[in-house]
Engineer: 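Here it is, the structure in full.
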Amino acid sequence: VQLQASGGGLVQPGGSLRLSCAVSPQLWYDYGLGWFRQVPGKEREFVAAISWSGGNKYYTDSVKGRFTISRDNAKNTLYLQMDSLKPEDTAVYHCAAVKSDEYYRGKYKTPRFYDYWGQGTQVTVSS
């Protein structure tokens, strides 16, 4: 069972990046998927989550209208399209999987309910 995030990098304010997360097939249909981010000295922060079907999505307020979470069933891949990036978006971004029953109980925002985590990819927004 594995999740592997990629796509991070250095981008100027106002720019865009698309993060990808390759997800093991065993997790694809029974788990919701989420993106979290973390900066040194702070707790891991919820960014976005998507249900196993893709029909249900949530975002933290600070990224609404700028970030889009999606999943591609054919490729078993989770995405996070990040537009209009700001310096405060700088962090290590992690993808993770949560059991669907926990997702629908509203636990998608809480890191401790996620069972599997990717290794993280660094996003730096700076001029």
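Any value given below was found using the heavy atoms of this structure, including those in side chains, with hydrogens, waters and symmetry copies removed.
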Engineer: With a 4.5 Å heavy-atom cut-off, do Gln81 and Tyr79 have their side chains touching?
Structural biologist: no
Engineer: Rounded to the nearest 0.5 Å, how far does CD of Gln4 lie from OG of Ser20?
Structural biologist: 11.0 Å
Engineer: Do Arg71 side-chain atoms and Ser51 backbone N/O form a donor-acceptor pair below 3.5 Å?
Structural biologist: yes
Engineer: Can you see which heavy atom on Thr121 is nearest to which on Ala5, and at what distance?
Structural biologist: CG2-CB, 4.2 Å
Engineer: Taking atom CD of Glu43 as the centre, does the number of heavy atoms from other residues, nucleotides or ligands within less than 6.0 Å exceed 12?
Structural biologist: no
Engineer: Is there a donor-acceptor pair closer than 3.5 Å between any side-chain N or O of Gln38 and the backbone N or O of Ala91?
Structural biologist: no
Engineer: Does the pair Asp61/Lys64 count as a salt bridge with the N-to-O cut at 4.0 Å?
Structural biologist: yes
Engineer: For a side chain to side chain contact (heavy atoms under 4.5 Å, CB included) check, start with the C-alpha distance between Trp35 and Tyr59, then their side-chain angles and the critical distance, and finish with the verdict.
Structural biologist: CA-CA 9 Å; Trp35 288 99; Tyr59 299 92; over 6 Å; no
Engineer: Between Ser16 and Asp83, which heavy-atom pair has the shortest distance, and what is it?
Structural biologist: OG-OD1, 2.7 Å
Engineer: What's the shortest heavy-atom distance between Asp89 and Ser84, and which atoms?
Structural biologist: OD2-O, 4.5 Å
Engineer: Taking the side chain as everything from C-beta on, heavy atoms only, tell me whether Trp117 gets closer than 4.5 Å to Arg44.
Structural biologist: yes
Engineer: So, using side chain to side chain contact (heavy atoms under 4.5 Å, CB included) as the criterion, who are the partners of Ser126 when residues are at least two apart?
Structural biologist: Leu10, Thr124
Engineer: Do the side chains of Phe46 and Thr110 get nearer than 4.5 Å, heavy atoms only?
Structural biologist: no
Engineer: Is the side chain of Tyr116 donor-acceptor paired with the backbone N or O of Val23 at a distance under 3.5 Å, no angle test?
Structural biologist: no
Engineer: Enter the distance from Leu33:CG to Leu27:CG here, rounded to the nearest 0.5 Å.
Structural biologist: 7.5 Å
Engineer: Let me confirm one number: the CD-OG distance from Gln119 to Ser6, rounded to the nearest 0.5 Å.
Structural biologist: 8.0 Å
Engineer: Using side-chain heavy atoms (C-beta onward) and a distance below 4.5 Å, is Val47 in contact with Met82?
Structural biologist: no
Engineer: Taking the side chain as every heavy atom from C-beta outward, state whether Val39 and Thr90 have any atom pair closer than 4.5 Å.
Structural biologist: no
Engineer: Kindly compute the distance separating NZ (Lys109) from CD (Glu45), expressed to the nearest 0.5 Å.
Structural biologist: 11.0 Å
Engineer: Quick check for you: to the nearest 0.5 Å, what is the distance between Ser24 atom OG and Asn76 atom CG?
Structural biologist: 8.5 Å
Engineer: So, Tyr114 side chain and Tyr108 main chain: donor-acceptor pair closer than 3.5 Å or not?
Structural biologist: yes
Engineer: Can you check whether Leu78 reaches Leu80 side chain to side chain, under 4.5 Å on heavy atoms?
Structural biologist: no
Engineer: Flag the pair Asn56 / Tyr103 as yes when at least one side-chain heavy-atom distance between them is below 4.5 Å, and no otherwise.
Structural biologist: yes
Engineer: Hey, what do you get for OH (Tyr29) to CG (Asn73), rounding to the nearest 0.5 Å?
Structural biologist: 4.5 Å
Engineer: Same cluster or not: are Ile69 and Trp28 linked, directly or through other Ile, Leu, Val, Met, Phe, Trp or Tyr residues, by side-chain heavy atoms under 4.5 angstrom apart?
Structural biologist: yes
Engineer: Could you check Ser100 against Asp30 for side chain to side chain donor-acceptor pair (under 3.5 Å), going step by step and ending with a plain yes or no?
Structural biologist: CA-CA 6 Å; Ser100 285; Asp30 293 329; over 6 Å; no
Engineer: So which of Lys99, Arg105, Glu102 actually passes side chain to side chain contact (heavy atoms under 4.5 Å, CB included) with Phe113?
Structural biologist: Glu102
Engineer: Restricting to non-hydrogen atoms, name the atom on Thr77 and the atom on Lys75 that form the minimum distance, rounded to 0.1 Å.
Structural biologist: OG1-O, 2.9 Å
